[in-house]
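As the structure is a prediction and not an experimental result, all values here were calculated from the model. The chains referred to below are lettered A, B, ... by the order of the sequence lines, with proteins before strands, and numbering in each begins at 1.
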There are 2 protein chains.
Amino acid sequence: MSHDSFPYTHRYLKGRGREQLSTRECGLIEDLVQDVERYTAPHTILERGHILDRSTLLIEGFVARVIREEGKRHIVALHVPGDFVDLHAFALKRLDHDVVSIGPVQIGHVTHDRLEALMECEPHLARVLWYSTLLDAAIHREWILKLEQLSADGRLAHLIAELWHRLDFVGWADPSGFAFPLTQAELADACGTTPIHLNRVVRKLREQGIADISRGRVTVLDRAALRELGRFDPDYLYGNGVLEIRE
Amino acid sequence: MSHDSFPYTHRYLKGRGREQLSTRECGLIEDLVQDVERYTAPHTILERGHILDRSTLLIEGFVARVIREEGKRHIVALHVPGDFVDLHAFALKRLDHDVVSIGPVQIGHVTHDRLEALMECEPHLARVLWYSTLLDAAIHREWILKLEQLSADGRLAHLIAELWHRLDFVGWADPSGFAFPLTQAELADACGTTPIHLNRVVRKLREQGIADISRGRVTVLDRAALRELGRFDPDYLYGNGVLEIRE
DNA sequence: CCTGAAAACTAACATAGGTTAGCCCGACCG
DNA sequence: CGGTCGGGCTAACCTATGTTAGTTTTCAGG
């Protein structure tokens with residue numbers, strides 16, 4: 001499945017649903033994107049504390065927001081194609097975390113100068129950009145909930161369900177699952193557990209016929225059980241994705 | 001310690017630091033606030049899913065953002081005086097969580113109509129409001145980190161250190177601690193643990209001479225040990241509070 | 001001053017998950 | 001074609017935390 005013919009913003013998740021971008025507005029964002037880069041090896045795209053004068057749009061692949069501490073690495077957010085990864089740096093100026101690529105990625109850059117100019121004459125677009133950072137915050141809250149509420153198996157199930165949903169918004173999911181290059185160690189970093197325990201959980205999901213995670217792909221075998229285990233309710237994504245309609 | 005003579009926005013944390021509000025801009029927000037209400041008994045101020053046409057400024061006391069599920073209650077965020085509690089509802093229109101009062105509180109309301117009008121002619125102020133929601137997201141990320149990284153004692157230490165810091169920004173902390181009406185059960189809801197285990201942790205902090213939490217007050221006994229235990233580094237608050245200068 | 005309810009606190013036991021140690025397998029490489 | 005390295009996987013053991021079932025303290029209201 002290749003999306004190379006799509007312009008970048010066709011995958012721009014966050015304007016969907018409640019706040020729809022017009023074709024003209026999509027084009028305006030499209031025009032902002034410069035300096036498209038590709039990375040195949042793991043790469044630290046942005047570093048904590050650096051002062052930034054541009055923001056990053058994820059065009060293809062996955063990136064993680066990570067915080068390293070005493071040799072350990074913690075993933076505090078994951079992004080799918082179409083996400084503005086660090087739009088918050090537009091107002092905060094520096095990041096409180098690193099941004100690293102996972103698997104092969106393609107990213108575009110938008111300078112803050114050009115963004116600022118655009119936002120001044122496009123108030124609706126400015127609102128949608130704000131909206132997009134608020135959606136990040138809503139996803140953060142759901143992660144907090146899942147970490148407070150669920151044990152490791154539920155956390156993993158929730159993560160899979162969320163990503164399946166978000167990828168579906170932007171056309172990168174299929175009815176049986178999705179391509180997913182995270183290692184078990186990285187999944188553990190995102191679920192707040194250890195690789196050893198995460199492996200136990202992966203095996204359990206497989207044995208119970210809920211989902212299979214292997215060879216760079218997630219295959220969902222029992223969607224209802226996955227949702228139940230992860231207590232997943234997509235309300236917090238404020239979207240209207242295709243999967244919802246499909247079922 | 002009474003702050004009754006201060007106007008509300010003197011406690012408006014989020015404009016501090018990088019993005020300073022002018023006196024005139026403070027006055028503009030001040031003028032927006034209407035319908036000041038007080039609650040002494042526990043009260044659900046806002047309910048999940050409701051469509052909102054106004055946002056809420058916390059003037060005095062504490063409120064929590066909570067998600068209830070199968071009889072359990074999870075706190076995904078806490079607010080201190082000066083915080084806009086649900087500014088995100090301005091763009092998202094509905095909330096993905098409830099907002100409840102903890103202890104006696106005083107809140108003000110700002111209608112979205114008036115906010116919208118103000119933001120159109122005050123782009124800098126609009127930027128500061130955006131900034132304030134981004135700070136919420138940064139705090140969310142830190143909570144995710146703390147939940148992934150720390151065990152229950154560290155989580156509690158982190159929570160105390162963060163709140164001490166945020167309260168200091170707005171003049172509600174003192175050098176030995178702060179007034180704090182959360183019950184142990186509520187602290188447990190915010191730390192992702194059970195009341196029983198939280199009680200063990202409270203006792204441990206007391207026995208080790210780190211902090212004492214009792215009778216509606218937190219007394220910090222060993223600030224360095226508290227920070228160490230909670231791996232607390234206030235960078236993510238993007239502030240320049242007084243405590244930093246004091247030491 | 002008494003009373004009832006909420007909060008704080010404790011003990012005893014069960015288990016999820018962390019830790020340490022290591023094996024196995026396929027991919028890439030010289 | 002053998003070596004090595006990262007990722008997947010497993011076992012044994014131990015601790016932090018959850019669970020169940022209470023007792024004690026605090027404090028507001030009568």
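Evaluation of the side chain to side chain donor-acceptor pair (under 3.5 Å) rule for N199(A) yields Q184(A) as partners, not counting sequence neighbours. Under the side chain to side chain donor-acceptor pair (under 3.5 Å) criterion, K72(A) pairs with no residue, sequence neighbours left out. Listed by chain and residue number, nothing satisfies the side chain to side chain donor-acceptor pair (under 3.5 Å) test with T219(B) (two or more places apart in sequence, or in another chain). By the salt bridge (Lys or Arg N to Asp or Glu O under 4.0 Å) test, R231(B) is found to be paired with E70(A), E228(B), residues two or more places apart in sequence or in another chain being considered. Every residue was checked against the ring pair (Phe, Tyr, Trp, His ring centres under 6.0 Å) condition with H109(A), not counting sequence neighbours, and none meets it. With sequence neighbours excluded, the residues forming a salt bridge (Lys or Arg N to Asp or Glu O under 4.0 Å) with R141(B) are D96(A), listed by chain and number. Residues satisfying the side chain to side chain donor-acceptor pair (under 3.5 Å) criterion with R203(B), sequence neighbours excluded, are absent altogether.
Put simply, the residue from I160(A), D222(A), I210(A) that forms a side-chain contact (heavy atoms from CB on, under 4.5 Å) with L229(A) is I210(A).
The two residues I59(B) and G108(B) make their nearest non-hydrogen contact at CD1-N, 3.6 Å. Of all the heavy atoms in R227(B) and P234(B), the pair that sits closest is NH1-CD, 4.0 Å.
With hydrogens and angles ignored, the 3.5 Å screen pairs no side-chain donor or acceptor of D86(B) with any backbone N or O of A89(B). In this structure, R206(A) contributes its side chain and I213(A) its backbone to a donor-acceptor pair below 3.5 Å.
When rounded to the nearest whole Å, the span between NE2 of H197(B) and P of dA8(C) equals 17 Å. One can place CG of L198(A) at 13 Å from C1' of dG7(D), the figure rounded to the nearest angstrom. For the pair Q149(A) CD and dG18(D) P, the computed distance is 13 Å after rounding to whole Å. Note: CG (L147(B)) to P (dG17(C)) measures 14 Å, nearest angstrom. Here the P atom of nucleotide dG18(C) and the NE2 atom of H74(A) are 11 Å apart, to the nearest Å. To the nearest angstrom, C1' of dT15(C) lies 12 Å from NZ of K204(A).
Defining each end axis of the helix from dC1(C)-dG30(D) to dG30(C)-dC1(D) as the rotation carrying four pairs' C1' atoms onto the next four, with five pairs an end, the two axes are found to diverge by 40° to 10 degrees.
Side-chain nitrogen and oxygen atoms of T194(A) include none within less than 4.0 Å of the OP1 or OP2 phosphate oxygen of dG17(C).
Looking at heavy atoms from C-beta onward, H79(B) lies out of side-chain contact with F84(B) at the 4.5 angstrom threshold. Residues E37(B) and Y39(B) form a side-chain contact, since some pair of their non-hydrogen atoms from C-beta on lies under 4.5 Å apart.
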> For nucleotides 8-15 of chain D, read 5' to 3', which letter fits each nucleotide if B means a protein heavy atom sits under 4.0 Å from the base, S means only the sugar-phosphate is that close, and - means neither?
Replying inline: SBBBB---

Could you run down the sub-3.5 Å N/O contacts of the protein with nucleotides 26-30 of chain D?
none

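Shown for residues 150-160 of chain A: residues whose heavy atoms fall under 4.0 angstrom of DNA chain C, namely S151(A), A152(A). Using a 4.0 Å cutoff on non-hydrogen atoms, no part of residues 62-71 of chain A comes near DNA chain C.
Salt-bridge check for E142(A) with K146(A): failed, with every basic side-chain N at 4.0 Å or more from each acidic carboxylate O.
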>> Is there a side-chain hydrogen bond (donor to acceptor under 3.5 Å, both in side chains) between W143(B) and E162(B)? Walk through the geometry before answering.
In response: CA-CA 10 Å; W143(B) 280 42; E162(B) 177 184 299; 3.2 Å; yes

